[in-house]
Chemist: 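One structure is given below, represented as C-alpha cells, and several questions about it will come after.
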Amino acid sequence: MSWRAQGFRAWLLQRLTAVYMAFFLVWLLTYLALYPPANFEAWQAVAGSVVGLMTFSLFFIALLLHSWVGVRDIVIDYVHYAAARLIVLNLLMLFLISMSVWITYILLSLVEL
C-alpha cells in the first residue's frame, strides 16, 4: 500500500486513534476498578496530575480526530451537492473546534496552580 494512496492517511489515522482510545479505556476502567476515587478531589488528583492530564488530553485529541475522519467520510460519501457538503463539513469543523476548546477548559481547570 502506498503512503500517497488516496485515503490511506485518513485510514491510518482512524486506526491509530481507535487503538489508542481502546488502550486508554481499558487502562481507565482497570484503574477505576482497582483504585476507585472516593470523592471529587481524588478524581481531580488523578486527572490533574501530569500523567493523567497527558493521557486524557491525548484521548480527547484522538477522539476528535477519529470523529472528524469518520463523519467527514460519511459526509463525502452521502452528501452529493458540493455546496451542501461544504456547509456540513464547516459546521462539523466548527462543532469539533468548540468541543476542543471546551475540553481544554475542563482539563486545565483540573490543574492545581
Side-chain angles (χ1 to χ4, degrees):
M1 204 178 242
S2 171
W3 284 97
R4 294 178 188 218
Q6 187 176 9
F8 180 73
R9 288 186 198 143
W11 178 87
L12 185 62
L13 181 65
Q14 189 87 3
R15 285 358 175 235
L16 291 175
T17 56
V19 167
Y20 178 77
M21 289 188 300
F23 280 127
F24 174 81
L25 289 175
V26 168
W27 169 80
L28 181 65
L29 293 175
T30 304
Y31 183 84
L32 291 177
L34 296 175
Y35 310 104
N39 52 24
F40 177 74
E41 287 76 24
W43 176 251
Q44 187 176 13
V46 170
S49 68
V50 173
V51 173
L53 192 61
M54 285 178 19
T55 57
F56 278 93
S57 297
L58 284 175
F59 173 78
F60 286 114
I61 290 169
L63 181 66
L64 292 170
L65 288 172
H66 190 86
S67 61
W68 166 255
V69 171
V71 177
R72 182 196 64 132
D73 287 348
I74 291 170
V75 169
I76 288 172
D77 287 345
Y78 292 106
V79 179
H80 299 292
Y81 298 107
R85 185 181 312 136
L86 183 65
I87 290 170
V88 171
L89 288 175
N90 281 324
L91 288 173
L92 174 65
M93 183 174 47
L94 182 64
F95 174 74
L96 291 175
I97 288 171
S98 65
M99 288 294 105
S100 67
V101 169
W102 185 35
I103 291 166
T104 303
Y105 172 76
I106 291 171
L107 288 175
L108 289 179
S109 69
L110 294 174
V111 176
E112 303 255 344
L113 296 175

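Keep in mind that what you see is a predicted model, and the values were worked out from it rather than measured.
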Chemist: Give every donor-acceptor pair under 3.5 Å between a side-chain atom in residues 46-75 and any protein atom, sequence neighbours left out.
Modeler:
| from | atom 1 | to | atom 2 | distance (Å) |
| --- | --- | --- | --- | --- |
| S49 | OG | V46 | O | 3.0 |
| S49 | OG | G52 | N | 3.1 |
| T55 | OG1 | V51 | O | 3.0 |
| T55 | OG1 | G52 | O | 3.1 |
| S57 | OG | L53 | O | 2.6 |
| H66 | ND1 | Q14 | O | 3.3 |
| H66 | ND1 | T17 | OG1 | 2.9 |
| H66 | NE2 | Q14 | NE2 | 3.3 |
| S67 | OG | L63 | O | 3.1 |
| S67 | OG | L64 | O | 2.9 |

Chemist: Between W43 and F40 (judged by ring centroids, cut-off 6.0 Å), do the two rings come close enough to count as a pair?
Modeler: no
Chemist: Does the separation of the ring centres of F8 and W11 fall below 6.0 angstrom?
Modeler: yes
Chemist: Run the side-chain donor-acceptor check on residues 86-93: report pairs under 3.5 Å with partners two or more places apart or on a different chain.
Modeler:
| from | atom 1 | to | atom 2 | distance (Å) |
| --- | --- | --- | --- | --- |
| N90 | ND2 | L86 | O | 3.1 |

Chemist: Using the test side-chain contact (heavy atoms from CB on, under 4.5 Å), find all partners of N39 that sit at least two apart in sequence or belong to another chain.
Modeler: E41, A42
Chemist: Which residues pass the ring pair (Phe, Tyr, Trp, His ring centres under 6.0 Å) test with Y35, not counting sequence neighbours?
Modeler: Y31
Chemist: To the closest 0.5 Å, what do you measure between CG (L25) and OG1 (T30)?
Modeler: 10.5 Å
Chemist: Got a sec, which hydrophobics cluster with F23, joining ILVMFWY side chains under 4.5 Å apart, including via others?
Modeler: V19
Chemist: Tell me whether M99 is reachable from M21 by hopping between hydrophobic residues (I, L, V, M, F, W, Y) whose side-chain heavy atoms are closer than 4.5 Å.
Modeler: yes
Chemist: Indicate, with yes or no, if I76 and L96 share a hydrophobic cluster defined by side-chain heavy-atom contacts under 4.5 Å among Ile, Leu, Val, Met, Phe, Trp and Tyr.
Modeler: no
Chemist: Determine whether more than 12 heavy atoms belonging to other residues, nucleotides or ligands lie under 6.0 Å from atom CH2 of W27.
Modeler: yes
